[in-house]
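Worksheet: the structure to be examined is printed underneath.
Sequence lines set the chain letters: A, B, ... in the order given, protein chains first and strands last, and positions in each chain run from 1. The structure presented is a predicted model; accordingly, all values stated were derived computationally and were not measured. Hydrogens, waters and symmetry mates are skipped; everything else that's a heavy atom, side chains included, is used.
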Amino acid sequence: MAVIEVKNLSKSFKVKLKEKGLKGSLKSIIKPKYKTIKAVRNVSFSVEKGEIIAFIGPNGAGKSTTIKMMTSILYPDKGSIKVMGLDPSRDRKALSYEIGTVFGQKEQLWTHLTPYDNFKFFGAIYDIPEKAIEKKIDELRELFELDSFINTPVRNLSLGQRIRCEIVASLIHEPKVLFLDEPTIGLDPVVKENIRTLIKRMNKEYKTTIFLTSHDVGDIEKLCKRVIIINNGTVVMDDTMENLKYHYLNKKIVEAKMKEMVNLEDEEGITILKDKGYNLKIEVDTTKKSVSDALKLLNPDNIIDINISNVPLEDIISDIYKNRD
Amino acid sequence: MLTEVKNQIKVVFLSIKYSVMRELLNRFTFISNVIFMMLNNASMIIQWLVLFSLRENMGGYTFKEVLLLWGIASSTFGFSRFFFYKAFSLSSIINEGKLDSYIVQPKNILISIITSDISVSALGDLLYGYIMLVFYGLSIKSFLLFTYFIITGGIIIAAISVILNSLSFWFGNTDVIAETGNHLMTNFATYPDGIFKGIAKALLFTLIPVGISNYIPVHVIVNFDLNLFLINTTVCIFLIYFAFITFYTGLKRYSSSNLMSSKI
Amino acid sequence: MKKYLFIFKSEIMTNLQYVFNIFVGFIGYFVMLFILFNLWEYLYSDPNELINGYSMTSMMWYVVITEILYSVVGGRTLCKKISNDVKSGNVAYNINKPYSYIGYSVSSHFGNMFIKFIMYVILGLGFGLIFIKKLPNLSLVGIIFVLVSSFLGLLISTLLILSIGLFSFYIEDSGPFYWVYSKLILVMGTLFPIEYFPTIVQKILVYTPVYVVNYGPAKLFVDFDIHKGIGIILAQIIYVIIAYLICNHIYRKGVRRINVNGG
């Protein structure tokens, strides 16, 4: 049974335009001008129980608007949504018992209280009896490794610890679906990895369906089996992680600062993006050449500094467009 | 239904308790806020000492009755800002998109928002009113009536603020209008109704219902009148209803509308 | 001086957007006057009667002027802004800039008040003319005196409120001090002139800010006399100096405190 069912969803916004300067601001008071932005256009997809699905796209692609429509915050212009069989725009209260939300930058925790007190507050919001709350907190404390700071006021926690607490707070009422909007934004790589492991563990333990948005390719690679890519409000791709990896995540960018110049032209699987003498930027196609082979070609003794990264999401999207034509 | 109400009340009290705990982290600021607010109110006694030196009776009020009027004004103000503090900044919550985290919770959105913070100085206002009641003359009857009226009056003030702030759903930033409306209520609340005549007096019992939230209580405490008592209660209930209708109509508009007011 | 003029100008620019807000804020002023007019009509059973030397019309004009000055200052916002500057460390940041923080704050606040002042004067006088009908006798010299003393009164208010805001160097929240200050100014020089107080109190009030902030300009407006005018303006100049010295002292000590404690 599909946990989330979205059909032909559309939503547009009118944005007030503001011209610069004094004259502009006077004008906008008297006769405001609007521009229509189609934030989401004709989006359809469905999510099965227990899936971890990545909903990705660049900033302003329509991710948040879609999530807001699935969580009762905004109503669609056109199309329909069913989450756990409920219509978000009509069954707000009933739905809110079924879903959990973590909106990356927006804090829902009381910062002067300890995580423990916060969890109890959320327990009360979801009408959970005192004893059941405590049992649940114990369970989640173990799963998310909160022991060392569960009694420290939230404002004294690191960003990573806070996000862990935000996630736990949204799990107190055992939601069937968890919406995570940019959960790893602003975190350092080690903490990111840690959060990903915890999310994966939680999914395994509770079979919670997870709907995750991110513009970090790493999040998706590590967590999800299925990916929906959205750009300019439309679904660009809805495919398995494997396919995405095979077709688009098969390239790594290597930037290196060298002691001596090397000639990599005509090497199979390597494209030179930039070559300024001692500073080199290449793209390695891992289906043809492994990264370690590429490094050997550079000669490790010769490298002063090196940086290996994924292809940015924006490039992948433009690749997808190119391949369609 | 009943358990739902019980659960909602539990969340409200937990929320207020947590807010108080936060403010108590800085005890000095907490106490100085409360005490200075009482001093602040007390300084207005000077005005009435001067006025009563010119006349013994101001618009049908004795000096003691003016103190009672001030007590009602101060405590209703304090009650509304202590328990429903966010009702007075609802407009900015709407405009900054902070409604979202309340919408995803299975509780009444309006109640959750307006009780999500407290004003410490309002506690000073609330207490100050009771001190004035002592000066007026404390009895079981006056205490009970006073307490009843600051609850209805406080709710009336908060409800009006919710209605005015909810205009933001239609007109964008309306916090100035709401603030002016709240000011109006407060300004009239500390002057005896006897100095107003004609249309002004009529307005004070209708459009700007200070008469109902503040003057009626003084009259009823001085000289009990069941009809006036019932008018106060009825208007209170009506305004609660009207506040919810306005807010939820606005919220529906917010969710289904297509307006985003950002700079581009 | 040019840089302060620039700050002043850019503050006016931003404020034009808020003309609407000022307009709505004017409703508050209008209501306050309405209440006070009702009060004075109630108190003066006979319009020709004199209470403490004031006729009913001069009492009404008195509050028209004092309420303009009281509203235009917008002390609460100013005090909060200064407090925030102190707490956010903005003040310390300003040390390295080629202007004084006090000079910056005063000129910025005057830019803030400028349009408000003009609007309040036009609307206040209009409101007064409709309800009171007759203007007090005022010569050109009188008008100049009233304008100068209004300017000085606003300057003194600004400096005093600035000082209170700067108290945030020492305490978490300086707001409560401002409440009491503003209420004292309200009940002593704004709602009625100092002649309404017992003689002994009057003698003390003459030496307090009450005399120079709102009482001075309003008194000159309703009852001008050149000797009184010169006296009030002299008192105001002395007060500007005193207020500046206090403000500067608190600022310097506060900043040094931050530097010692490392913010």
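For chain A, no part of B:Leu99 is nearby; none of its heavy atoms comes within less than 4.5 Å. Contact of B:Thr3 with chain A is not made at all, since no heavy-atom distance falls under 4.5 Å. For chain A, no part of B:Ser112 is nearby; none of its heavy atoms comes within less than 4.5 Å. Within the 4.5 angstrom heavy-atom criterion, no atom of B:Gln8 approaches chain A.
By number of non-hydrogen pairs under 4.5 angstrom with chain B, the leading residue of A:Leu113, A:Thr111, A:Ile99, A:Leu95 is A:Leu113. By number of non-hydrogen pairs under 4.5 angstrom with chain B, the leading residue of A:Phe122, A:Trp110, A:Phe179 is A:Trp110. Comparing A:His173, A:Lys93, A:Lys120 by heavy-atom pairs within less than 4.5 Å of chain B, the highest count is held by A:Lys93.
Residue-environment remark: NZ (A:Lys7) stays at or below the threshold of 12 foreign heavy atoms within 6.0 Å. Around the CD1 atom of B:Ile199, the shell of radius 6.0 Å holds no more than 12 heavy atoms that belong to other residues, nucleotides or ligands. Under a cut-off of 6.0 angstrom, the local environment of CZ in A:Phe149 is crowded, with over 12 non-hydrogen atoms contributed by other residues, nucleotides or ligands. Heavy-atom contacts from other residues, nucleotides or ligands closer than 6.0 Å to NZ of A:Lys78 number 12 or fewer.
In terms of heavy atoms, B:Met21 sits closest to A:Asp117 at CE-OD2, 4.5 Å. Minimum interatomic distance between B:Ile103 and A:Arg92 (heavy atoms only, all atoms of both residues): O-NH1, 3.0 Å. When all heavy atoms of B:Pro106 and A:Tyr126 are compared, the closest pair comes out as CD-CE2, 3.2 Å.
Annotation: the span from A:Ser89 atom OG to B:Lys252 atom NZ amounts to 9.5 Å, rounded to 0.5 Å. Taking CG of B:Asp100 as the reference point, atom OG1 of A:Thr71 lies at 7.5 Å (rounded to 0.5 Å).
Remark: the backbone N or O of B:Glu23 is not paired with any side-chain donor or acceptor of A:His112 at under 3.5 angstrom.
Below 30°, between 30° and 60°, or above 60°: for B:Tyr18 and A:Phe121 the angle between ring planes is between 30° and 60°, a tilted geometry.
Taking 4.0 Å as the cut-off between side-chain N and carboxylate O, A:Asp127 and B:Lys107 count as a salt-bridged pair.
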Practice task
Under the side chain to side chain contact (heavy atoms under 4.5 Å, CB included) rule, what do A:Ile73 and B:Val104 come out as? Steps first, then yes or no, please.
Solution key: CA-CA 7 Å; A:Ile73 294 166; B:Val104 296; 4.0 Å; yes

